[in-house]
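Input: a single structure, listed below in structure tokens.
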Amino acid sequence: MSFPAVEHQLNIIRRGVEKIVPEEELVEKLKKSIETGTPLRVKYGIDPTAADVHLGHSVPLRKMRQFQDLGHQAVIIIGDATALVGDPSGRDEARTKKLTVEEVEENAQYYLNQVGKIIDLDNAEVHHNGDWFGKMDLGDILNLCGKVTIAQLLTRDDFSKRMEAEVPIYLHECLYPIMQAWDSVVIKSDIELGGTEQLYSFMLARDLQKDQDLNQQISVMSPILVGTDGTRRMGKSLGNYIGISEDAFGMMKKFMQLPDAVMKMYYELLTEIQLDEVEQILKGHPKDAKVRLAKTIIAEYHDETAACAAAAQWQKEIGEGNLPSDIPEKTISRSSLNEDGSLQAARLLKELELVPSTSQAIQRIKGGAVFFLIDSEKTKIADRGEWIHVEEGMVVRAGKKDWAKVKLSD
RNA sequence: GGGGGUGUACCCGAGUGGCCAAAGGGGUCAGACUGUAAAUCUGAUGGCUCAGCCUUCGUAGGUUCGAAUCCUGCCACCCCCA
């Protein structure tokens with residue numbers, strides 16, 4: 001087995017990476033790998049608590065792919081045991097929801113399918129950490145716990161913040177980083193990938209590996225990708241994510257709403273475009289830069305054609321304000337209408353599921369967000385009590401993002 | 001086990017008997033402006049059959065004409081002592 005030169009590898013590895021600790025050791029490992037013709041074992045652990053893979057997850061996964069392309073061995077850990085604990089990273093409180101074994105397995109499968117869009121699964125090792133944690137007895141667990149002190153645990157940022165804020169830290173959560181670190185011992189990792197928030201667990205892994213007379217792993221940590229709101233980390237629960245399984249146009253719409261300020265980060269972490277070129281792109285009109293960004297990423301998860309189509313559709317329907325082509329059809333039963341076939345405006349919005357409550361319907365109407373179209377003739381609705389004659393095929397809008405087409409049924 | 005403290009809407013947080021569907025801020029949503037960016041401005045932010053009504057201030061009761069506010073039990077969390 002032969003590998004590219006160390007410098008070349010480092011160039012690729014360093015891109016979009018916030019911290020490599022310790023970096024000198026990485027160089028040594030790469031050299032040794034070239035000399036001996038042995039691929040490095042690169043670990044990435046996933047916690048199958050949520051099923052959707054989004055761009056945030058894709059950052060370390062892309063890094064993994066780069067390692068694979070350089071000839072190294074990908075090792076994926078499905079944290080079926082750790083998922084039962086819940087990752088305390090970056091959380092200000094414990095996870096309340098406990099997943100069942102079945103849910104975890106189901107998530108894991110779905111997860112892997114998506115992960116396969118980024119890395120080469122055929123050439124990756126996949127392990128479930130339940131395989132080894134499930135076999136441990138109390139003695140083993142106590143032995144493991146005996147390797148870490150409370151004081152060490154409390155140096156962990158999330159924990160110390162929680163202590164500070166007087167938010168509870170449960171004992172089982174303390175086990176999480178220890179388990180994660182133990183995974184590294186079991187699979188004998190050379191490198192571990194993840195976000196910077198994983199620093200603690202990654203370092204702990206080194207301690208445990210040393211304790212077992214193993215090679216110590218290097219941490220290659222990516223910055224945390226901010227979500228579409230431009231401030232908080234991308235996460236499903238925050239509703240600021242772009243999923244890698246979303247349809248092209250859906251992704252397009254989300255990309256175009258990104259704050260300009262995050263573009264640089266997205267280019268760096270989510271594309272392969274050379275950084276000096278990125279700089280050129282960002283000097284141009286921000287809108288063009290954003291379209292290019294969106295197209296590049298969408299093309300990776302769909303294809304070039306789909307990406308261009310999505311961009312064209314966006315320009316036409318949103319950029320130029322034409323009628324959207326993907327207006328969902330909503331059924332209204334004739335029996336819910338008045339004798340003359342009409343409905344009060346606020347009720348209509350609710351019937352069409354454009355708003356979750358009557359109160360919100362009223363708010364939207366007051367805010368001037370509501371109008372309807374019959375044969376492309378636009379009529380504004382200004383009063384919530386207004387009686388609207390409901391017709392088959394009429395299009396109702398209750399805000400930029402909320403459209404519906406009426407279908408009448410008996 | 002003992003003592004002290006806290007629990008308010010999505011979040012933070014004011015409110016200590018009626019004027020409280022509950023200040024203020026953040027967030028979010030809608031509108032204007034724009035490049036569906038940012039900034040700014042305006043409005044909204046429990047629900048409904050909406051100038052009225054119903055449900056909400058950890059939870060269950062109680063006192064009172066009237067409670068988020070007072071009392072009691074319970075629950076959860078934090079701190080101190082052991």
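So that the names make sense, note that chain A is the first sequence line, chain B the second, and so on, each numbered from 1.
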Legend entry - OP1 or OP2 of A30(B) under 4.0 Å from side-chain N/O of Arg397(A): no
Inset, instruction - Measure from NZ or CZ of Lys380(A) to the centre of the six-membered ring of Phe371(A), then state whether that distance is under 6.0 Å and the direction lies within 45° of the axis. - result: no
N/O-N/O pairs, protein side and nucleotides 23-28 of chain B side, under 3.5 Å:
none

Legend entry - Spacing of the P atoms in U69(B) and G1(B) (rounded, Å): 29 Å
Inset, instruction - Please work out which of the three classes, parallel, tilted or perpendicular, describes the rings of Tyr111(A) and His57(A), given edges at 30° and 60°. - result: perpendicular
Legend entry - Glu246(A): partners by side-chain hydrogen bond (donor to acceptor under 3.5 Å, both in side chains), with sequence neighbours left out: Lys254(A)
Inset, instruction - Would you kindly say whether Glu192(A) and Ser184(A) are connected by a side-chain donor-acceptor distance under 3.5 Å? - result: yes
Inset, instruction - Answer with base, sugar-phosphate or nothing: what part of the nucleic acid does Gly230(A) contact at a heavy-atom distance below 4.0 Å? - result: nothing
Legend entry - Closest to the Lys287(A) side chain, choosing from C29(B), A44(B), G35(B): G35(B)
Legend entry - Ser325(A): side-chain hydrogen bond (donor to acceptor under 3.5 Å, both in side chains) partners, not counting sequence neighbours: Gln313(A), Glu317(A)
Please tabulate, one pair per line, each protein N/O and nucleotide N/O from nucleotides 48-54 of chain B that are separated by under 3.5 Å, including the distance.
residue : atom : partner   : partner atom : Å
C48(B)  : OP1  : Lys350(A) : NZ           : 3.3
C48(B)  : OP1  : Thr358(A) : N            : 3.0
C48(B)  : OP1  : Thr358(A) : OG1          : 3.2
C48(B)  : OP2  : Thr358(A) : N            : 2.9
C48(B)  : OP2  : Ser359(A) : N            : 2.9
C48(B)  : OP2  : Ser359(A) : OG           : 2.9
U49(B)  : OP2  : Thr358(A) : OG1          : 2.9
C50(B)  : O2'  : Arg384(A) : NH1          : 3.2
C50(B)  : N4   : Ser359(A) : N            : 3.4

Legend entry - Any side-chain heavy-atom pair of Glu272(A) and Arg62(A) under 4.5 Å: yes
Legend entry - A38(B) pairs with, by Watson-Crick or G-U criteria that keep both distances under 3.5 Å: none
Inset, instruction - Under the ring-ring contact (aromatic ring centres under 6.0 Å, His included) rule, collect the residues that match up with His128(A), sequence neighbours excluded. - result: none
Contacts under 3.5 Å, N or O only, protein and nucleotides 37-40 of chain B:
residue : atom : partner   : partner atom : Å
A37(B)  : O4'  : Lys290(A) : NZ           : 3.3
A37(B)  : O2'  : Leu258(A) : O            : 3.4
A37(B)  : O2'  : Asp260(A) : N            : 3.0
A37(B)  : N3   : Asp260(A) : OD2          : 3.1

